[in-house]
Structures are given as C-alpha cells and as structure tokens.
Peer 1: 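Here it is: the structure, laid out below.
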Amino acid sequence: MAATIEQAWGSRASFYVSPASVALLMLNLLDGLFTLLFLQLGVAEELNPLMRVAYEQSPLIFMGSKLVIVNAGLWLLCLHRRMKASRIAIRAGAVVYGIIVVYHLAFLTHLVLHWPGAFR
C-alpha cells in the first residue's frame, strides 16, 4: 500500500523555501556559470577534485553535478528546517556563496581591465 507524503512525513512536512534558500540556489548557479566561464577561457582551474572530474567529462555534466549536489543538500536542509542547525546552515551557505560570487565579480573585473588589448 503506497503512503502519501503527508502520511510518510507527517502533517508538518512542507516544502516552503526561505529567501536564504532561494539566494543559495541563485548564488550557486552564478558560481557555476562564472566557474565555467573562467574554465572555458583557460584562466582558472577547478580545485575541487569531484567537480574537476565532472568538468573533464563535459561542461554540461559539470553544471548538472554542481546543481544537483547543492539542490539535494538544500532539499534535505529544508525538510529539517524546524531544526535551528538547518536554518543556520542554509543562511551560512548563502553567505559563503555570496562571498564566492563577489570574488568571481572581482576576478572578472580584473580580467576585463587587464585583458590584452582591452580598452586601448
């Protein structure tokens, strides 16, 4: 006999996504796009061994893996969002990805300003 989600998880289960969760997802996407851009330009290398292997397979596998891994982790945290540690982890993840995206923007600015022949 198949149980419904409500029967399996209880009536408290819901999939409400907080603003921090949305920010984490969007910032993760931006991180992936910036990383892919820099890898394709040959101005950076992927340091994460798992993501390096994914990128060596194909850029599509790289982006898909990155999105699936973070989305799966966020999904688990959202399921347990009543726990303070889960809410803190979601916010911390958004802050970390925010810092990473700011770093990417600074690096992109540096590339544009110092690219051979740029603005000359």
Side-chain angles (χ1 to χ4, degrees):
M1 174 187 261
T4 66
I5 291 174
E6 188 171 317
Q7 290 170 329
W9 292 92
S11 61
R12 293 183 179 198
S14 72
F15 291 96
Y16 167 78
V17 180
S18 68
S21 298
V22 173
L24 193 151
L25 291 175
M26 299 310 296
L27 292 166
N28 176 51
L29 177 62
L30 285 171
D31 171 45
L33 292 172
F34 278 125
T35 302
L36 193 56
L37 171 67
F38 299 146
L39 291 171
Q40 293 286 307
L41 289 173
V43 296
E45 62 182 71
E46 179 59 59
L47 297 177
N48 179 329
L50 178 64
M51 296 312 297
R52 185 180 322 118
V53 169
Y55 180 73
E56 289 169 356
Q57 297 300 310
S58 84
L60 186 59
I61 291 174
F62 170 82
M63 281 301 292
S65 299
K66 180 164 187 46
L67 296 175
V68 165
I69 290 167
V70 172
N71 286 344
L74 180 59
W75 181 74
L76 287 172
L77 289 170
C78 284
L79 281 178
H80 299 285
R81 74 176 186 284
R82 294 201 190 317
M83 297 174 58
K84 186 174 183 176
S86 292
R87 293 189 307 272
I88 290 170
I90 292 168
R91 289 182 188 121
V95 167
V96 168
Y97 272 108
I99 292 167
I100 291 169
V101 168
V102 168
Y103 175 80
H104 284 312
L105 289 169
F107 186 64
L108 181 62
T109 301
H110 175 79
L111 283 179
V112 169
L113 294 176
H114 295 90
W115 199 263
F119 304 111
R120 293 180 193 178

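Owing to the predicted nature of the structure, the values given are computational and were not obtained by experimental measurement.
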Peer 1: Kindly give the heavy-atom pair with the smallest separation between Ala94 and Leu27, and that separation in Å.
Peer 2: O-CD1, 3.4 Å
Peer 1: Answer whether the closest heavy-atom distance between the side chains of Val70 and Trp75 falls below 4.5 Å.
Peer 2: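 When only atoms from C-beta onward are counted, Trp75 and Val70 do not touch, as no gap falls below 4.5 Å.
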Peer 1: Would you say Leu76 ends up clustered with Ile88 if hydrophobic residues are merged whenever their side chains have heavy atoms under 4.5 Å apart, either directly or through other cluster members?
Peer 2: no
Peer 1: With heavy-atom distances below 4.5 Å as the criterion, would you say the side chains of Phe62 and Gln57 are in contact?
Peer 2: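 SC-SC contact between Phe62 and Gln57 ruled out.
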Peer 1: Going by heavy atoms in the side chains, are Val22 and Pro19 under 4.5 Å from each other?
Peer 2: no
Peer 1: Can you list every pair that meets salt bridge (Lys or Arg N to Asp or Glu O under 4.0 Å) and has a residue in residues 51-79, with sequence neighbours left out?
Peer 2: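 Sorted pair list: Asp31-Lys66.
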Peer 1: Could you grab the distance from atom CG of Leu105 to atom CG of Leu30, nearest 0.5 Å is fine?
Peer 2: 8.0 Å
Peer 1: Between Ile99 and Val95, is there a side-chain heavy-atom distance shorter than 4.5 Å?
Peer 2: yes
Peer 1: Can you name the nearest heavy-atom pair linking Leu74 to Leu24, along with the distance?
Peer 2: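 Closest heavy-atom pair between Leu74 and Leu24: CD2-CD2, 4.5 Å.
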Peer 1: Can Val102 be reached from Leu108 by stepping across I, L, V, M, F, W or Y side chains whose heavy atoms are under 4.5 Å apart?
Peer 2: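 They do not share one cluster, since no chain of ILVMFWY contacts under 4.5 Å joins Leu108 to Val102.
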Peer 1: Quick one: are Ser18 and Arg81 in side-chain contact, heavy atoms under 4.5 Å?
Peer 2: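 No. Closest side-chain heavy atoms not under 4.5 Å.
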Peer 1: I'd like to know if Phe34 and Ile61 are part of one continuous hydrophobic network [Ile/Leu/Val/Met/Phe/Trp/Tyr, side-chain heavy atoms within less than 4.5 Å].
Peer 2: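 No, Ile61 and Phe34 fall in different hydrophobic clusters.
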Peer 1: CD1 of Ile69 to CG of Asn48: how many Å apart, nearest 0.5 Å?
Peer 2: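 It is 7.5 Å, given to the nearest 0.5 Å.
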Peer 1: Considering non-hydrogen atoms only, spot the tightest contact between His80 and Ser86 and give its length.
Peer 2: O-OG, 3.0 Å
Peer 1: For the OG atom of Ser21 and the CZ atom of Arg87, what is their distance to the nearest 0.5 Å?
Peer 2: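 Answer rounded to 0.5 Å: 11.5 Å.
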Peer 1: Counting N and O atoms only, with roles assigned by atom type, does the side chain of His110 sit under 3.5 Å from a partner on the main chain of Ala106, one being a donor and the other an acceptor?
Peer 2: no
Peer 1: Heavy-atom distance under 4.5 Å between the side chains of Leu29 and Leu67, does that happen here?
Peer 2: yes
Peer 1: Just how far is it from atom NE2 of His104 to atom OG1 of Thr109, taken to the nearest 0.5 Å?
Peer 2: 12.5 Å
Peer 1: Is there a path of hydrophobic side-chain contacts, each under 4.5 Å between heavy atoms of I, L, V, M, F, W or Y residues, that connects Leu33 with Met51?
Peer 2: yes
Peer 1: Got a second to check how far Leu50's CG is from Ser65's OG, nearest 0.5 Å?
Peer 2: 7.0 Å
Peer 1: Roughly how far, to the nearest 0.5 Å, is CG of Leu111 from CG of Leu41?
Peer 2: 7.0 Å
Peer 1: Examine Tyr103 and Leu36 and state if one hydrophobic cluster contains both, with Ile, Leu, Val, Met, Phe, Trp and Tyr joined whenever side-chain heavy atoms are less than 4.5 Å apart.
Peer 2: no
Peer 1: If I compare all heavy atoms of Leu39 with all of Ala44, which pair ends up nearest, and what's the gap?
Peer 2: CD2-O, 3.5 Å
Peer 1: With a 3.5 Å cut-off and no angle check, do the side chains of Glu45 and Tyr55 form a donor-acceptor pair?
Peer 2: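 Glu45 vs Tyr55: no donor-acceptor pair found between side chains.
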